[in-house]
Amino acid sequence: MTTPRPETLAKLTPVLTKRWLSPDAWRIGTYEQLDGYAALRKALKAHPDDLIQLIKDSGLRGRGGAGFPTGLKWGFIPQGDGKPHYLVVNADEGEPGTCKDLPLMTHDPHALVEGVIIASYAIRAARAYIYIRGEAVHAARRLRNAVQEAYDKGYLGRNILRSGYDLELVVHSGAGAYICGEETALLDSLEGFRGQPRLRPPFPATHGLYASPTVVNNVGTIASVPPIVLGGADWWKSMGTEKSSGPMIYSLSGRIANPGQYECSMGVTLRELLELAGGMQPGHNLRFWTPGGSSTPLLAAEHLDVPLDFEGVAAAGSILGTTATQIFSDQDCPVYATYRWLEFYHHESCGKCTPCREGNYWMVRVYRRILAGQGTHEDLDTLLDTCDNILGRSFCGLGDGATSSVTSSLQYFKQDYLDYIEGRTAPKLSEKTLVGAH
Ligand SMILES: Cc1cc2nc3c(=O)[nH]c(=O)nc-3n(C[C@H](O)[C@H](O)[C@H](O)COP(=O)(O)O)c2cc1C
Ligand code: SF4
């Protein structure tokens, strides 16, 4: 195991994670002792428009995967329209490898609750929802408890801290469908319908929850708001890069010595993250990795020095996504890993549009054939052709994301496919998996 050098340790910038190891960090008393709800007191004295401007000035970009500028999104909410406004926090976190929001809600739920109150005040919402993944029972319990504590202390409900501002906050558990993380499917699910993406435009900013103006933001995005209010836009921008400001929680998993959450200034490299995480496990050499979950194109060992910010990862041909950095070694098979992800996308496809519903179904079958030692060279063309018909032709990002590991693994690791097809690698799947597959 490697020990990080002091200059690499300095890359750690704990802001959202800074309270996680405090005893009883999830209790309101601990939170209040550690700056908790100070940002809310400050925010309630400011004009809502000034708060939106502050978030714009900070350069905060959404932590849910797409990196959309948060202040701009808040500014889209029409004011004086007479309609109710809603804030909906996306706590669905279903992307394979992604695991930054659940620990945040488990260890520091008040950071999210405080962020919700400030964001709702800024967009003039009187009701907010946190839509949390159904399986995340422990995190939901902590969150509900934190919401009750906040009500009891007068941070939620009527006339918050005697400011005249009212807010009701509801924690809603979903039923555990990956598609309900897509913001419009989430809104349908919250309204009690089957979770399927909506046609856009109109966008949620004007026609969101109950056809009213709605902001949907990720947990990490909203939890970033109190520190920005307290520290200011310049302090936030002192971390990260010019267009990707602030700290980011990088979730490292896979073949590394110390998997976990590493909060660093945006733009840190995988080489530095690996040093922080104690290096690779003994006997393993890095071969491929995802920069931001399974929907982002794979990168290889040659990308160790790519800055992990929105621009740097895009320039390397991938997407920063959810910063779920899954590390695979020379003992892992990129063909098999891609097959397992495809099984997931096929299972989670909501079925609304043909390219994703049918394309993933067929690609799973082609992969099974290849992995059972019965693939042909034409199968590789079929995979690329199918991806071509899914990418950009699907109704939502699930379809696009499903193609990422297929096309990138074929780009970097075509030889691994050929080794199965030409019999140099022993089949990984038995022929039984092919029943009904042709
Ligand atoms: C299939 C799919 C699943 C998604 N899952 C999540 C999720 O679990 N959490 C999340 O915050 N965003 C998820 N997103 C992105 C949301 O649609 C949306 O962009 C995000 O919640 C906006 O928040 P932000 O601007 O704070 O990043 C998903 C998108 C797609 C296409
Ligand atoms: S891309 Fe897939 S998940 Fe998205 S709407 Fe189409 S079928 Fe549903």
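Start at 1 and go down the list; that is how both ligands and their atoms are numbered. Remember, it's a predicted structure, so these values are computed and weren't measured experimentally. All values below come from the heavy atoms of this structure, side chains included, with hydrogens, waters and symmetry mates left out.
- At a threshold of 4.5 Å between non-hydrogen side-chain atoms, the residues P334 and Y412 do not count as touching.
- By the criterion of a heavy-atom distance under 4.0 Å, the side chain of P197, and not its backbone, is placed next to ligand 2.
- Nearest to atom 29 (C) of ligand 1 among the protein's heavy atoms is E182 CA, 3.8 Å.
- Between R124 and D49, at least one side-chain nitrogen of the basic residue sits less than 4.0 Å from a carboxylate oxygen of the acidic one, meeting the salt-bridge criterion.
- Here's the thing with F68: none of its N/O atoms is less than 3.5 angstrom from an N/O atom of ligand 1.
- Backbone and side-chain nitrogen or oxygen atoms of G181 are examined, and one is located within less than 3.5 angstrom of a nitrogen or oxygen of ligand 1.
- Considering only non-hydrogen protein atoms, atom 10 (C) of ligand 1 sits nearest to N90 ND2, 3.1 Å.
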Inset, instruction - Could you please spell out the steps behind the side-chain hydrogen bond (donor to acceptor under 3.5 Å, both in side chains) verdict for Y86 and S120? - result: CA-CA 7 Å; Y86 297 105; S120 302; over 6 Å; no

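- Considering backbone and side-chain N/O of Y178, none are found under 3.5 Å from N/O of ligand 1.
- Salt bridge E183/R200: present, at least one basic N to carboxylate O contact under 4.0 Å.
- Proximity annotation for atom 1 (S) of ligand 2: of C356, A177, S349, C356 comes nearest, heavy atoms only.
- The shortest N or O to N or O distance between D101 and ligand 1 is not under 3.5 Å.
- If you number the atoms of ligand 1 from 1 as listed, the ones under 4.0 Å from a heavy atom of R63 come out as 26 (O), 27 (O).
- Between K243 and D309 there is no salt bridge, since none of the side-chain N atoms of the basic residue sits less than 4.0 Å from a carboxylate O of the acidic one.
- For residue C353, an N/O/S atom approaches atom 6 (Fe) of ligand 2 to within less than 2.8 Å.
- In this structure, R368 is not positioned above the aromatic face of Y339 in the sense of NZ or CZ being under 6.0 Å from the six-membered ring centre and within 45° of the axis.
- Counting heavy atoms under 4.0 Å from ligand 1, residue T221 touches it through the side chain alone.
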